[in-house]
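From a predicted model like this one, the values you see are computed outputs, not experimental measurements. Numbered from 1 within each chain, the chains take letters A, B, ... in sequence-line order.
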Number of protein chains: 2
Amino acid sequence: MDTLSITLSALADPTRRAILARLATGEASVSELAEPFDMSLVAVSKHLKVLEKAGLISKGREAQWRPCRLEPKPLRQVDDWLESYRQFWNDNLDRLESYAELLQKGGKNDPGN
Amino acid sequence: MDTLSITLSALADPTRRAILARLATGEASVSELAEPFDMSLVAVSKHLKVLEKAGLISKGREAQWRPCRLEPKPLRQVDDWLESYRQFWNDNLDRLESYAELLQKGGKNDPGN
DNA sequence: CCTATATTAAACCAATAAGTTAATTAACTT
DNA sequence: AAGTTAATTAACTTATTGGTTTAATATAGG
């Protein structure tokens with residue numbers, strides 16, 4: 001699989017996105033990250049492995065803890081991919097805006113053509 | 001599942017992203033979309049259903065054709081989600097930049113502290 | 001050395017995903 | 001009416017995912 005697919009499928013899980021959101025506020029150990037969730041520590045550990053394989057997080061080692069931190073690169077790659085479509089949805093928006101203007105000018109009694 | 005998860009998992013497949021890229025250039029029928037791929041039409045039809053359920057495309061009907069077109073909303077939602085992390089990776093970049101500046105000032109013989 | 005804590009590994013299970021082929025529906029063409 | 005083209009549905013297979021429980025590994029602290 002290509003890296004973008006791996007990244008996107010890692011992101012396609014609410015638990016994993018919540019973990020990333022938590023890590024955006026700073027490093028945390030595996031058990032700290034697991035604490036808010038209603039699932040086993042083992043399950044969270046697996047989610048972390050998925051995130052790690054996607055390069056979205058990295059793990060250090062401090063005694064028996066594995067402090068995790070957010071890595072920006074894959075997210076930036078998603079952003080780059082989206083870039084090609086930004087054009088598209090701006091165009092789309094422009095069209096809507098012109099239509100809105102048209103309605104504005106036409107007034108209530110002229111639904112336009 | 002939440003809509004963002006549905007969107008991201010729809011996007012986490014290279015075939016489906018290729019379909020979206022194709023649709024960014026304009027509408028196309030199911031068979032037109034299937035043509036470049038080395039898989040059955042049925043398989044592509046299923047991919048389209050995944051994209052449709054995620055709201056990434058919509059299908060019209062013209063005689064026996066179902067012209068598909070790209071829908072911007074879910075992509076915009078992904079962009080919005082990324083927004084929270086843009087801050088993060090800019091910070092990260094800033095740090096790198098300051099470090100680069102530091103190296104610049106220090107020169108070759110002063111690796112700095 | 002023993003024990004508690006933090007994390008990972010192994011084995012398993014149910015549900016979902018991605019593909020196949022064959023059959024069906026729908027609309028145009030002759 | 002019969003045949004062709006476009007697309008979907010159904011039934012099936014195989015692999016992956018997300019979770020479980022139990023067992024193993026590693027480190028710190030008495």
**Q** For a 4.5 angstrom cut-off between non-hydrogen side-chain atoms, does L8(A) reach R17(B)?
**A**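 L8(A) vs R17(B): side chains touch.
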**Q** What distance separates E32(B) CD from E27(B) CD, expressed to the nearest 0.5 Å?
**A**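 One finds 10.0 Å between CD of E32(B) and CD of E27(B).
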**Q** Would you give a per-nucleotide map of nucleotides 8-15 of chain C, 5' to 3', where B means the base has a protein non-hydrogen atom under 4.0 Å away, S means only the sugar-phosphate does, and - means neither?
**A** BBBB----
**Q** Hey, any chance L82(A) and L23(B) share a hydrophobic cluster, counting ILVMFWY side chains that come within less than 4.5 Å of each other, even indirectly?
**A** yes
**Q** Touch check for S9(A), heavy atoms < 4.0 angstrom, all strands: base, sugar-phosphate only, or nothing?
**A**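 No contact.
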**Q** Show the distances under 3.5 angstrom between N or O atoms of the protein and N or O atoms of nucleotides 28-30 of chain C.
**A**
none

**Q** Can you tell me how far the NZ atom of K53(B) sits from the OG1 atom of T7(B), to the nearest 0.5 Å?
**A** 14.0 Å
**Q** Are T3(B) and Q77(B) close enough that a side-chain donor and a side-chain acceptor fall under 3.5 Å?
**A**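 A donor-acceptor contact under 3.5 Å links the two side chains.
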**Q** Is S40(A) near enough to dT20(D) that one of its side-chain N or O atoms lies under 4.0 angstrom from OP1 or OP2?
**A** yes
**Q** Look at the side chain of Y85(B) and the backbone N and O of R76(A), then say whether any donor-acceptor pair between them is shorter than 3.5 Å.
**A**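 No; zero donor-acceptor contacts below 3.5 Å.
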**Q** M1(B) has an atom CE; how far is it from atom P of dT16(C), in whole Å?
**A**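 The answer, rounded to whole Å, is 10 Å.
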**Q** If the threshold is 4.0 Å, N to carboxylate O, is there a salt bridge linking K73(A) and D80(A)?
**A**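 Salt bridge between K73(A) and D80(A), a charged N being under 4.0 Å from a carboxylate O: no.
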**Q** Across all strands shown, which nucleotide pairs with dT30(C) by Watson-Crick or G-U wobble geometry, both distances under 3.5 Å?
**A** dA1(D)
**Q** For a quick test of reading the model: is some side-chain N or O of H47(B) closer than 4.0 Å to OP1 or OP2 of dA17(C)?
**A** no
**Q** Nearest-Å distance, NZ (K53(B)) to C1' (dT8(D))?
**A**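 Those two atoms, NZ and C1', are 13 Å apart.
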**Q** dT25(C) P sits how many Å from R61(B) CZ, rounded?
**A** 15 Å
**Q** Quick test of your reading of the model: are E83(A) and R86(A) salt-bridged, counting only N-O distances below 4.0 Å?
**A** yes
**Q** Heavy atom of residues 14-24 of chain B under 4.0 Å from DNA chain D: which residues?
**A**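 When residues 14-24 of chain B is checked for heavy atoms under 4.0 Å from DNA chain D, there are no hits whatsoever.
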**Q** Distance check, rounded to the nearest 0.5 Å: L70(A) atom CG versus L20(A) atom CG?
**A** 6.0 Å
**Q** Any link between W65(B) and V30(B) through a network of hydrophobic side chains (Ile, Leu, Val, Met, Phe, Trp, Tyr) touching at under 4.5 Å?
**A**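 The answer is no; the residues belong to distinct hydrophobic clusters.
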**Q** Is it possible for you to say whether V50(B) and I57(B) belong to one hydrophobic cluster, with membership spreading through side-chain heavy-atom contacts below 4.5 Å?
**A**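 V50(B) does not cluster with I57(B).
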